[in-house]
Amino acid sequence: MPSVAVGRGLGGEQMFETSLRQKAEALWHVQRVKRLVRDRLGEGAQCLVSVRETICTDLECAGPVTEIRIVTLGLNDVRTTVHKAVAEVLEPDIAAFL
């Protein structure tokens, strides 16, 4: 387990809090996008939804991308990439591929 050093009076508390805040915000947006996907699929849709933000490997793409993967109980796999940060993904982006 990595250790986290927080020093008094050295600003360590603020760095640690900022890091936790950033992680919490990222998690919130991932869960928000998952909820958008499930809402679009409709009530009773049984599937696994995976959302992650990553760096685009396309040279013409500047910035992060959001990868969305849906796996149904029948093991059908649907994958898409939205060329936006996860915080910027909205319902029309989801509707475009579902």
Seminar exercise, completed: Closest heavy-atom pair, D93 versus L90, reported as atoms and distance to 0.1 Å, is OD2-N, 2.8 Å
Problem set entry | Among V65, T81, T66, the one residue meeting side-chain contact (heavy atoms from CB on, under 4.5 Å) with T54 | V65
Exercise. Once you round to the nearest 0.5 Å, how far does CD of E67 lie from SG of C56?
Worked result: 9.0 Å
Problem set entry | Straight-line distance of S50 OG to D77 CG, nearest 0.5 Å | 10.0 Å
Exercise. What heavy-atom pair brings P64 and A85 nearest, and what distance separates the two atoms?
Worked result: CG-CB, 3.8 Å
Problem set entry | Gap separating the CD atom of E88 from the CD atom of E53, nearest 0.5 angstrom | 8.5 Å
Exercise. How does the hydrophobic cluster around I94 look, that is, which other residues are in it when side-chain heavy atoms under 4.5 Å mark a link?
Worked result: V30, V33, L36, V37, L41, V49, V51, I68, I70, V78, V82, V86, V89, F97, L98
Problem set entry | Shortest non-hydrogen contact between R69 and R79, atoms and distance | CZ-NH2, 3.2 Å
Exercise. Roughly how far, to the nearest 0.5 Å, is the CD atom of Q31 from the NZ atom of K34?
Worked result: 4.5 Å
For this session: Give, for atom CD of E60 and atom NE2 of H83, the distance between the pair rounded to the nearest 0.5 Å.
Result: 10.5 Å
